[in-house]
Each structure stands twice: as C-alpha cells, then as structure tokens.
Amino acid sequence: MAIGNFDGVHLGHQAILRALTEQACAQNLTSAVLVFEPQPREWLDPDNAPARLTNLAEKTALIAACGVERIIVARFDEALRCLSAQAFANQLAKLNVKGLLIGDDFRFGQDRTGDGEFLRAQGFAVTHLDTVCDDPATLERVSSTRVRAYLQQGDLTAAARLLGRDYTITGTVLHGDKIGRTLNFPTANIALARIRPPLHGIYGVDVWTTDGAPLTDLAQDGQAGVAGFAPNSLFGAASVGTRPTVQGETWRLEVFFPQFKGDLYGRNLSVRFLHFLHGERNYNGLDALKAGIKQDVVDLLAWRETQIASMQPKH
C-alpha cells in the first residue's frame, strides 16, 4: 500500500505507483493506494487550502491507469484527524496491509507523529523511496506545490514537464446562467468538483468526450467547430475564474467553441490546457466584455494556426 494525497499524480507519484505495482506483483500481493477525501488541509482550513490539481474522480482514474488494483478512499473528518499513530497503524493491520511504500516526507497520525520507523516497529515492511527530481543539477523535487506554482504563473510547459502530460480538467457540462448566449458567445460550463482550481485566466484548449464519441457528432446546423489537436477533439477558448465583470463569486471553467453549435449538456468532457493567453480581466460593462472575448478568440485561433503550421513537414 501507498498512502497520500497524490494530488496531480505527477512524476514523483508515478514513481511511487510504479514501485508499488512492481513489488506487489513480485510478492503476489494486491497493490493498493489509500487517499483522503477531502484532502486534510481542505478540511482543516478550507479558505487557505492549496488549489486542487485533481478532483477525486480525476485522481482515482490516473492512479488506476498506473496499474494499481485497489483504491481506498478514507473520509477525512474529526474522527480521522484525532486518530493516534497507533490507532492508524491498527487500521492498516485490519486492512491486511503487509508492506508500505512511503516518500521521504511521509508522516501520519494525530500531530503527524507517525513515520516509517514507527511502522517498522509495528511489523510492517516499509520501503522508503528516494525523492524524484526533475533536474539533477538543482535537485528540485517534483511536487504538487511546484505544479500549482507553474500553473498559477501560466507556465503550462513547466507544469506538463512535472506531470508527464499536459494539465487537464475533466468534468460534466452543467447549466449555467446563460450570460454567454446574450453576448453571442455561448459556453460549456464544466463542473470543477473542487474548492478552486490552480488555473486562472484565458487559455487555448483541446476538448474531447471521455467516452470517445467525436464532438462533431453532436454538431447542429452544419457548425462542427474547429478541429483540435487530439483525435475527435475540438479547439476551444477557455476561461477559468470568478467572472468579475458580471459580479461572479464562484469559480467557473467555461469553454467557447468557435464555429460550433450543439447540445453538450450532461456530457463528460476533458479539457487539455495548451496555451495561456492572459489573466482574467474585469471589463467595464458587457459591451467591453463582448469585445474582449471576441479578441481573445481571434488571438487563440491565430495561435492555433501557428501551431498547425509548425507541425507541417518542411520541404
């Protein structure tokens, strides 16, 4: 078993999961991961908790994709917070845990008093894994904190380097307040399922359905959209923020698909962030907002064209 938040399932987490599945297979044991929901800091101090890289569904899907056989979700609440290190170890024993793989900063139990040596004393086989660094020269460790920092800075390339993939949010298209329609820029309002995301601003994105159905199959009136970079995907202009121009208060992920018309409500979509255009702006009224969105779409489509051109074979 491996235990932790695994927020983002970055390269460091992936190294742990790879070792976990290899050891479990070698010993003819089941590989398992224990995660907490909500993440401890979200329960302890929700207003100041770190932005969530992956919601629970995204996280468990990524962990399962690494070959882990069983994922156990422990509800973090007052009872769990107050568990002593000994009581927590007793719970692990009830789960029939034989061995644990832990990182260099692993602590558990009330006041984080438990560690690897404590677990060994309880009879568990404990394997410490070395810190995973993305640059051996600087010895900077791969961490969720660094991924968040890069995303907040708009550095999608650096975030992708630590994640081993482009940053992606997956969620269901919900009914919103329809303001986009009044501006002639209807958007897909995609559920975030987290207190707040690590991104903030306007982005060029690639979007596809999680069930593999081409988005073009949902097109109406011959408006099939602009092709994305991934198979069966569409290119979109995404806004992540609180929408200050219309006095919004909650975090939203909204995607406008140029040249597309179709009913996306209830669809589960994956949104891959490819290009950061600019931070969220507070426009002076709806007319200024409409003009700003129009320019953003023009700029993002121009960026897409440069990317398409760069991918063409040179003669």
Side-chain angles (χ1 to χ4, degrees), residues 8-11 14 53-54 58 61-62 65-66 134-135 142 146-171 173 185-188 190 197-240 253-262 264 267-280 292-315:
V9 194
H10 54 59
L11 291 179
Q14 291 169 41
L53 294 173
T54 43
E58 293 166 339
L62 288 166
C66 291
D134 64 314
D135 186 348
V142 177
R146 285 183 63 206
V147 175
R148 291 187 197 100
Y150 285 135
L151 291 174
Q152 288 165 2
Q153 295 161 17
D155 193 341
L156 299 176
T157 301
R161 187 179 71 246
L162 300 188
L163 290 168
R165 63 185 185 280
D166 290 317
Y167 183 66
T168 302
I169 289 177
T170 298
V173 179
F185 287 98
T187 59
I190 299 170
L199 297 156
H200 193 191
I202 308 301
Y203 301 84
V205 297
D206 223 4
V207 183
W208 61 91
T209 61
T210 57
D211 63 8
L215 279 167
T216 51
D217 288 355
L218 305 174
Q220 299 172 356
D221 301 334
Q223 297 185 51
V226 176
F229 295 90
N232 298 325
S233 70
L234 290 181
F235 182 76
S239 170
V240 186
L253 165 56
E254 298 177 306
V255 181
F256 170 71
F257 297 100
Q259 303 167 35
F260 177 81
K261 180 181 179 182
L264 299 178
R267 294 282 176 173
N268 207 42
L269 303 181
S270 288
V271 181
R272 181 165 61 117
F273 292 83
L274 301 175
H275 176 64
F276 172 68
L277 186 62
H278 62 73
E280 189 174 34
I293 295 173
K294 182 177 181 180
Q295 187 59 53
D296 290 344
V297 173
V298 169
D299 291 344
L300 288 171
L301 286 172
W303 173 83
R304 175 188 174 276
E305 288 304 312
T306 64
Q307 298 303 299
I308 295 294
S310 69
M311 294 164 61
Q312 300 301 319
K314 294 180 172 57
H315 299 290

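In terms of heavy atoms, D206 sits closest to A230 at OD2-N, 2.8 Å. Between T209 and L269, the shortest heavy-atom distance links the atoms CG2-CD2, 3.7 Å. Listed here is the closest heavy atom pair of N232 and G212: ND2-O, 3.7 Å. When all heavy atoms are compared, the tightest approach of G236 to P258 is CA-CD, 4.2 Å. The two atoms that bring Y203 and L156 nearest to each other are CD2-CD1, 4.1 Å, heavy atoms only.
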Give the table of side-chain donor-acceptor pairs shorter than 3.5 Å for residues 160-169, with sequence neighbours excluded, one pair per line with atom names and distance.
unit_1: R161; atom_1: NE; unit_2: D134; atom_2: OD2; d: 3.4
unit_1: R161; atom_1: NH2; unit_2: D134; atom_2: OD2; d: 3.2
unit_1: R165; atom_1: NH1; unit_2: V9; atom_2: O; d: 3.2
unit_1: R165; atom_1: NH1; unit_2: L163; atom_2: O; d: 3.1
unit_1: R165; atom_1: NH2; unit_2: G8; atom_2: O; d: 2.5
unit_1: D166; atom_1: OD2; unit_2: R272; atom_2: NH1; d: 2.8
unit_1: Y167; atom_1: OH; unit_2: L53; atom_2: O; d: 2.6
unit_1: T168; atom_1: OG1; unit_2: D166; atom_2: O; d: 3.2

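A distance of 10.5 Å separates CG of D155 from CZ of R146, quoted to the nearest 0.5 Å. Interatomic distance, NE2 of H278 versus CD of E280, reported as 10.0 Å (0.5 Å rounding). Going from atom NE2 of H200 over to atom OG of S239 covers 7.5 Å, rounded to the nearest 0.5 Å. Atom CZ of residue F257 and atom CG of residue L264 lie 6.0 Å apart, to the nearest 0.5 angstrom. The line from CZ of F185 to CD of E254 is 13.5 Å long, rounded to the nearest 0.5 Å.
Put simply, the side chain of D211 gets close to the backbone of A213: a donor and an acceptor are under 3.5 Å apart. Looking only at distances, no side-chain donor or acceptor of Q14 sits under 3.5 Å from a matching main-chain atom of C66. Judged by distance alone, the side chain of R304 and the main-chain N or O of A227 form a donor-acceptor pair under 3.5 Å.
Atom CZ of R267 is surrounded by 12 or fewer heavy atoms from other residues, nucleotides or ligands within 6.0 Å.
Ring pair W303/F229 is perpendicular by interplanar angle, where above 60° counts as perpendicular and below 30° as parallel.
By the 4.5 Å heavy-atom criterion applied to side chains, V173 and V255 are not counted as neighbours. Side-chain contact check for P197 versus L253: every heavy-atom pair is 4.5 Å or farther apart. No side-chain heavy atom of Y150 sits less than 4.5 Å from a side-chain heavy atom of T157. Between F276 and Q153, every side-chain heavy-atom pair lies at or beyond the 4.5 Å cut-off.
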Please lay out, stage by stage, how L300 and I202 fare under the test side-chain contact (heavy atoms from CB on, under 4.5 Å).
CA-CA 9 Å; L300 288 171; I202 308 301; 4.2 Å; yes
I would like to know whether L151 and F273 meet side-chain contact (heavy atoms from CB on, under 4.5 Å); could you show each step before the answer?
CA-CA 10 Å; L151 291 174; F273 292 83; over 6 Å; no
The test is side-chain contact (heavy atoms from CB on, under 4.5 Å); show your working for V207 and S233 and say whether it passes.
CA-CA 5 Å; V207 183; S233 70; 5.8 Å; no
